[in-house]
Amino acid sequence: MSITIKDIAKLANVSHATVSRALNDSPLINDETKKRIKEIAEEHNYTPNYNAKSLKLAKSYNIGLFFSTLNIGTSAHFFHEVVKGISGQIDSEYNLVVKGIDECPINQISKKNFDGIIVMSQSKADDDFIQAVIDQEIPVVVLNRAIDFGDISCYLSDDRIGVEMAINALFAKGHQHIAIIKGREKFAMATERLEGYYQSFRSHQMKPEDCYMIQGDFSANSGYDGMKTLLDLKEKPTAIFCSNDDMALGAIKAIYEAGMKVPEHFSIISFEDSKIGEYSFPPLTAIQRPVEEVSKIGANRLMVLVKGEEVGKEIKYIRTKLIDRGSVKQYNRI
């Protein structure tokens, strides 16, 4: 049978209220008493009863992590990096509950169920959900998208600048016929990446060709289909920017099936820099997206809010960087 607060109180010859305060680092208890009580608790492998504690304090000890959807457009790498970043920052007494907004009724969002919520938002379609969280007065942080309402902190990577960097790198290697396989329509990050593509062309006083702009949905299959469409063109691009690594791998598969190679016949550059891209053949040149760092920063801010500290709204962009590997080569015009 596990030891209880009352058992520790007897061993320490103090009240159970003193034990509770000491274990929660209350300033009302002196350091010597705190140390003695914590040593007894550790010696007897004391584990807090969070169910009982939550009833007493009206807390759920749940932190919600809500993605726009877990079905389409959320790659395994992206999901893993987000969960790893957040779970490493939330206090050990909290459970991390992961859900998709598209599968969660808004009436389930209450203080009874969640002490704080992190929204990994992809589109404005999430705004009703975010507003419902605000209305319930639940501490909330938004990742991946800057929102223009509410006193909410938002943390995201600078996707637009990252893609502009990628396309600039292709121009620097002599490519001018540069295609893009876009991400899922209406997703904020897909829009930002497309704008980065446009920005690079504008800075080079060029206009991208409509036939080189292919719709994808972040899946490997859409990258494969998109590349097959490009392969059917009379004048093919020399380089392709893929809006994530999954689509890049699909594109490479289509190229090899057509009897051609990367980068000998086509240069490929992607956005994400997952491990699977690092170990593909050839290894992908990619824009490294700081998903774990964004998630860590957001989780830290949420824990401050959950503890009742007053902080203002903050919108912060985390820098991306170009990782040069083997899927891009210099293009020499004949």
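The figures that follow rest on heavy atoms only: side chains count, while hydrogens, waters and symmetry mates do not.
Under the 4.5 Å side-chain criterion, counting only non-hydrogen atoms from C-beta, Leu322 is in contact with Thr285. By the 4.5 Å heavy-atom criterion applied to side chains, Gln199 and Arg202 are counted as neighbours. Annotation: side chain of Val140 is not in contact with side chain of Phe114 (no heavy-atom distance under 4.5 Å). Using a 4.5 Å heavy-atom threshold, the side chains of Met227 and Ile214 count as separate. Residues Leu23 and Ile37 meet the side-chain proximity criterion, which asks for heavy atoms closer than 4.5 Å. Side-chain contact between Ile118 and Val82 is absent, with no heavy-atom pair separated by less than 4.5 Å. Looking at heavy atoms from C-beta onward, Val306 lies in side-chain contact with Tyr94 at the 4.5 angstrom threshold. With contacts defined as side-chain heavy-atom distances shorter than 4.5 Å, the pair Asn144/Val294 does not qualify.
Under a hydrophobic-cluster definition in which Ile, Leu, Val, Met, Phe, Trp and Tyr are linked whenever side-chain heavy atoms come within less than 4.5 Å, directly or via other members, Phe281 and Ile240 are assigned to the same cluster. Residue Val98 is grouped with residue Tyr155 when hydrophobic side chains (ILVMFWY) are merged at heavy-atom distances under 4.5 angstrom, including chains of intermediate members. Hydrophobic clustering of Ile, Leu, Val, Met, Phe, Trp and Tyr side chains at less than 4.5 Å, counting indirect connections, unites Ile86 with Val83. A continuous path of hydrophobic side-chain contacts links Leu305 to Ile297 [ILVMFWY only; heavy atoms under 4.5 Å]. By the rule that hydrophobic residues join a cluster once side-chain heavy atoms approach within less than 4.5 Å of another member, Leu65 and Val304 end up as members of one cluster.
Summarising the geometry of Ser270 relative to Leu284, their closest heavy-atom pair is OG-CD1, 3.8 Å, with the distance given to 0.1 Å. Taking every heavy atom of both residues into account, Ala12 and Ile40 meet most closely at CB-CD1, 3.7 Å. When all heavy atoms of Ser222 and Met247 are compared, the pair lying nearest together is OG-SD, 3.3 Å. Taking both residues in full, the closest heavy atoms of Ser121 and Ile130 are given as OG-CD1, 4.4 Å, listed atom of the first, atom of the second, then distance. The shortest non-hydrogen separation linking Val163 to Arg193 is CG1-O, 3.2 Å.
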*Test log, rule side-chain contact (heavy atoms from CB on, under 4.5 Å), inputs Tyr198 and Ile180*: CA-CA 10 Å; Tyr198 282 134; Ile180 179 174; over 6 Å; no
_Using side-chain contact (heavy atoms from CB on, under 4.5 Å), reason through Ile109 and Phe66 one step at a time and then give a plain yes or no._
CA-CA 11 Å; Ile109 305 306; Phe66 285 85; 3.8 Å; yes
_Let's go through Phe218 and Phe78 carefully: what are the C-alpha distance in whole Å and the side-chain angles of both, what is the deciding distance for side-chain contact (heavy atoms from CB on, under 4.5 Å) to 0.1 Å, and is it a yes or a no?_
CA-CA 11 Å; Phe218 291 123; Phe78 179 67; over 6 Å; no
*Please assess Ile101 against Val119 for the test side-chain contact (heavy atoms from CB on, under 4.5 Å), listing each intermediate value before the final yes or no.*
CA-CA 9 Å; Ile101 291 174; Val119 182; 3.9 Å; yes
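There is no side-chain donor-acceptor pair under 3.5 Å between Ser219 and Asn221. Thr320 and Asp158 form a side-chain donor-acceptor contact under 3.5 Å, judged by distance and modelled atom types alone. Ser60 and Asn113 form no side-chain donor-acceptor contact under 3.5 Å, judged by distance and modelled atom types alone. Judged by distance alone, the side chains of Thr229 and Asp232 never bring a donor and an acceptor atom under 3.5 Å apart.
No more than 12 heavy atoms of other residues, nucleotides or ligands sit less than 6.0 Å from atom CD of Glu42. Other residues, nucleotides and ligands contribute over 12 non-hydrogen atoms within 6.0 Å of the NZ atom of Lys313. For Phe149, the CZ atom sits in a packed shell: over 12 heavy atoms of surrounding residues, nucleotides or ligands are nearer than 6.0 Å.
In this structure Phe67 satisfies the ring-ring contact (aromatic ring centres under 6.0 Å, His included) test together with Phe79, sequence neighbours excluded. Legend: residues meeting ring-ring contact (aromatic ring centres under 6.0 Å, His included) with His175, ordered by chain and number and at least two apart, are Tyr331. Remark: Phe201 engages Phe171, Tyr197 in a ring-ring contact (aromatic ring centres under 6.0 Å, His included) (not counting sequence neighbours).
Remark: side-chain polar atoms of Lys236 are paired, donor with acceptor, to backbone N or O of Leu233 under 3.5 angstrom. Looking only at distances, no side-chain donor or acceptor of Ser295 sits under 3.5 Å from a matching main-chain atom of Gly85. No donor-acceptor pair closer than 3.5 Å links the side chain of Lys329 to the backbone N or O of Ser267. For the pair Asn95 (side chain) and Asn62 (backbone), a donor-acceptor distance under 3.5 Å is absent. For the pair Gln330 (side chain) and Lys173 (backbone), a donor-acceptor distance under 3.5 Å is present. Checking side-chain atoms of Asp91 against main-chain N and O of Glu93 turns up no donor-acceptor pair under 3.5 Å. With hydrogens and angles ignored, the 3.5 Å screen pairs no side-chain donor or acceptor of Asp115 with any backbone N or O of Ile63. The closest donor-acceptor contact from the side chain of Asp245 to the backbone of Ser274 lies under 3.5 Å. In this structure, the side chain of Ser327 does not engage the main chain of Ile269 through any donor-acceptor pair within 3.5 Å. Side-chain atoms of Ser153 come within 3.5 Å of backbone atoms of Glu314 as a donor-acceptor pair (strictly under, hydrogens ignored).
Interatomic distance, CG of Leu302 versus NZ of Lys307, reported as 10.5 Å (0.5 Å rounding). We find the OG-CZ distance between Ser157 and Phe271 to be 5.0 Å, quoted to the nearest 0.5 Å. We find the CG-SG distance between Leu143 and Cys154 to be 8.5 Å, quoted to the nearest 0.5 Å. The CG atom of Asn300 lies 4.5 Å from the CD atom of Gln89; values are rounded to the nearest 0.5 Å. Taken from CG in Leu11 to CZ in Arg36, the straight-line distance is 10.5 Å, to the nearest 0.5 Å. Expressed to the nearest 0.5 Å, how far OH of Tyr46 lies from OG1 of Thr4 amounts to 8.0 Å.
Screening Arg289, Arg145, Arg184 against Met189 for a side chain to side chain contact (heavy atoms under 4.5 Å, CB included) leaves a single residue, Arg289.
The hydrophobic cluster containing Leu156, built from Ile/Leu/Val/Met/Phe/Trp/Tyr side-chain heavy atoms closer than 4.5 Å, also comprises Ile315, Tyr317.
Ring pair His177/Tyr212 is perpendicular by interplanar angle, where above 60° counts as perpendicular and below 30° as parallel.
Between Lys296 and Glu293 there is no salt bridge, since none of the side-chain N atoms of the basic residue sits less than 4.0 Å from a carboxylate O of the acidic one. Between Glu278 and Lys275 there is a salt bridge, since a side-chain N of the basic residue sits under 4.0 Å from a carboxylate O of the acidic one.
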Exercise answer: donor-acceptor pairs, residues 131-138 side-chain atoms, under 3.5 Å, sequence neighbours excluded:
| residue | atom | partner | partner atom | Å |
| --- | --- | --- | --- | --- |
| Gln131 | NE2 | Asp135 | OD1 | 2.9 |

Which pairs would a plain distance check flag for residues 249-263, meaning a side-chain donor or acceptor within less than 3.5 Å of a matching protein atom at least two apart in sequence or in another chain?
| residue | atom | partner | partner atom | Å |
| --- | --- | --- | --- | --- |
| Lys253 | NZ | Glu257 | OE2 | 2.5 |
| Glu257 | OE1 | Tyr224 | OH | 2.4 |

